[in-house]
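Presented below is the structure to which this report refers.
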Amino acid sequence: MYDALFNYIESKSDEKLTDNEREVIMAAFDRKRMRKRQYFLHEGDICKYVGFIVKGSARMFSVDQKGNEHIMRFGLEGWWMSDQESFINLTPSPYYIEMLEDSEFLIITYAGLLELRSKSRCFDSMLEVIYKFQTIAIQKRIAAAIGMSADEKYHDLMCTYPQFVERFPMNMIASYLGLSPETLSRIRKNGVRK
C-alpha cells in the first residue's frame, strides 16, 4: 500500500527516497479502508486528515439550501483529498467527501504533515510541486467557470480529465461542470453527431 505513495513522492520530487525517509513516512501515515458511499468528511466537521488515494475514488461536494449538490472536485488513485481550509485552519467544513467506490487511503494529520516535511526532504519537495499544480488547477477551474461556454467546459474536461467520464456518472459530471444534466446530455449528443 505504501509503495504507491513512495512512487508518487519520488515522481513528483524527482528524488529518490532514502530507507530512513520511507520508515518516517510509513510511521506518519495511517491506513484507512472505506466502502462505497461512506464519508471521509461531513459538512460541519473539521477535516482532521488529508488522504492519499491508493485505490478507489471520491468526490468533494456541497449542498445548497435547495438541496442541490455542487461537486467541487473528484479524486482518483494517486490524488489527495481533503478540505484544505478546514484541514489547515481547523474550521468546520462546508463540504462532504464521499467515496464513489470501495477505497483505500493513506491518511495524515496536519501536525504529522508539518513534522514529515521537516524529516523528509523528498516529501517536502513533493508538497511544493503539488501545491504549484493545485494552484494552476484552481485557476483553470475558475477561468472555465466564469469564461467558458457549456460546450467548452465539457470539451476541456474531456481533454484534461478523460478518466472522469469513464469513472463517474453523467449527473455528477454535470454537477462538477456547473451544468444541468439536460445540457450535458445535449452537448454529448451534439458531439457524437460531429
Side-chain angles (χ1 to χ4, degrees), residues 1-42 45-61 71-93 95-141 159-168 176:
M1 190 174 207
Y2 287 93
D3 285 342
L5 180 58
F6 297 152
N7 292 337
Y8 179 89
I9 293 168
E10 289 178 345
S11 73
K12 296 297 180 195
S13 68
D14 264 346
E15 297 179 35
K16 192 87 170 134
L17 286 164
T18 66
D19 289 341
N20 181 58
E21 283 179 307
R22 287 173 183 260
E23 288 176 22
V24 169
I25 290 166
M26 286 175 64
F29 281 87
D30 291 319
R31 296 177 185 200
K32 186 168 185 73
R33 294 181 192 273
M34 301 187 74
R35 294 180 315 280
K36 182 178 181 177
R37 296 193 181 100
Q38 194 172 357
Y39 286 86
F40 183 75
L41 178 66
H42 285 272
D45 290 348
I46 293 171
C47 187
K48 296 178 183 171
Y49 302 96
V50 63
F52 178 78
I53 303 173
V54 175
K55 177 185 171 204
S57 63
R59 68 179 177 140
M60 184 169 110
F61 67 98
I71 296 176
M72 301 298 295
R73 63 181 301 245
F74 291 112
L76 297 168
E77 291 87 359
W79 291 26
W80 298 88
M81 287 299 288
S82 75
D83 172 359
Q84 285 292 299
E85 182 179 4
S86 176
F87 180 68
I88 293 168
N89 296 330
L90 299 177
T91 54
S93 176
Y95 304 109
Y96 296 89
I97 297 177
E98 178 190 27
M99 300 304 102
L100 298 175
E101 301 168 346
D102 290 345
S103 300
E104 297 175 6
F105 277 79
L106 290 170
I107 60 172
I108 190 169
T109 64
Y110 186 62
L113 191 78
L114 292 177
E115 185 177 346
L116 190 52
R117 286 189 81 167
S118 69
K119 290 182 176 180
S120 170
R121 183 184 126 159
C122 201
F123 186 82
D124 186 56
S125 296
M126 177 270 307
L127 276 182
E128 290 299 321
V129 169
I130 64 172
Y131 288 153
K132 289 175 190 173
F133 285 137
Q134 283 178 339
T135 301
I136 292 166
I138 290 166
Q139 283 180 309
K140 286 183 174 184
R141 184 127 162 81
C159 291
T160 309
Y161 302 112
Q163 65 272 41
F164 285 6
V165 178
E166 298 166 10
R167 300 267 300 263
F168 306 126
Y176 176 79

Do [X] and [Y] have side chains that approach each other closer than 4.5 Å (heavy atoms only, starting at C-beta)?
X      : Y     : value
Ile53  : Trp80 : no
Met26  : Phe6  : yes
Tyr161 : Leu76 : no
Ile107 : Phe40 : yes
Thr109 : Tyr49 : yes
Leu106 : Arg31 : yes
Arg141 : Arg73 : no
Glu85  : Tyr95 : no

Any ion pair linking [Y] and [X] (charged N to carboxylate O, less than 4.0 Å)?
X      : Y      : value
Glu104 : Arg33  : yes
Glu10  : Lys16  : yes
Glu128 : Arg117 : yes

* If every non-hydrogen atom of Phe105 is compared with every non-hydrogen atom of Met1, which pair is closest and at what distance? ->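 Taking Phe105 first and Met1 second, the nearest heavy atoms are O-CE, 3.5 Å.
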* Minimum-distance pair of heavy atoms, taken over all atoms of Ile108 and Ala28 ->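 Minimum heavy-atom separation between Ile108 and Ala28: CG1-O, 3.6 Å.
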Judged by atom type as modelled, is there a donor-acceptor pair below 3.5 Å linking the side chain of [X] to the main-chain atoms of [Y]?
X      : Y      : value
Asp124 : Ser120 : no
Glu77  : Gly56  : yes
Glu15  : Ser125 : no
Asp102 : Arg35  : no
Ser93  : Ile46  : no
Arg59  : Tyr176 : no
Gln38  : Met99  : no

* Asked: For atom CZ of Phe123, is the number of surrounding heavy atoms from other residues, nucleotides or ligands below 6.0 Å larger than 12?
  ->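 Counting other residues, nucleotides and ligands, CZ of Phe123 exceeds 12 neighbours.
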* Got a sec: does the CD of Glu115 have more than 12 other heavy atoms crowding it under 6.0 Å? ->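 No.
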* Would you check if the distance from the ring center of Phe74 to the ring center of Phe168 is below 6.0 Å? =>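 Distance test on ring centres: under 6.0 Å, yes.
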* Taking the six-membered ring for Trp, are Tyr2 and Phe29 ring centroids under 6.0 Å apart? ->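 Centroid distance Tyr2-Phe29: not below 6.0 Å, so no.
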* **Passing candidate, side-chain contact (heavy atoms from CB on, under 4.5 Å) with Glu21, options Val24, Asp19, Leu17** =>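 Only one of Val24, Asp19, Leu17 forms a side-chain contact (heavy atoms from CB on, under 4.5 Å) with Glu21, namely Leu17.
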Quick one: [atom1] on [X] to [atom2] on [Y], what's the gap to the nearest 0.5 Å?
X      : Y      : atom1 : atom2 : answer
Leu127 : Lys12  : CG    : NZ    : 12.0 Å
Met60  : Glu98  : CE    : CD    : 13.5 Å
Ile9   : Met126 : CD1   : CE    : 4.5 Å
Gln134 : Gln139 : CD    : CD    : 12.5 Å
Tyr110 : Ser86  : OH    : OG    : 12.5 Å
Asp83  : Tyr96  : CG    : OH    : 13.0 Å

* **side-chain contact (heavy atoms from CB on, under 4.5 Å) between Val54 and Leu5, worked out** => CA-CA 8 Å; Val54 175; Leu5 180 58; 5.9 Å; no
* To do: With side-chain contact (heavy atoms from CB on, under 4.5 Å) as the test, would you mind laying out the steps for Asp45 and Tyr39 before giving the verdict?
  => CA-CA 11 Å; Asp45 290 348; Tyr39 286 86; over 6 Å; no
* Gln84 side chain to Ser82 side chain, donor-acceptor N/O pair below 3.5 angstrom ->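 Checked: Gln84/Ser82 side chains pair up, N/O donor to acceptor below 3.5 Å.
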* **Full working for side-chain contact (heavy atoms from CB on, under 4.5 Å) between Leu113 and Phe87** => CA-CA 11 Å; Leu113 191 78; Phe87 180 68; 4.0 Å; yes
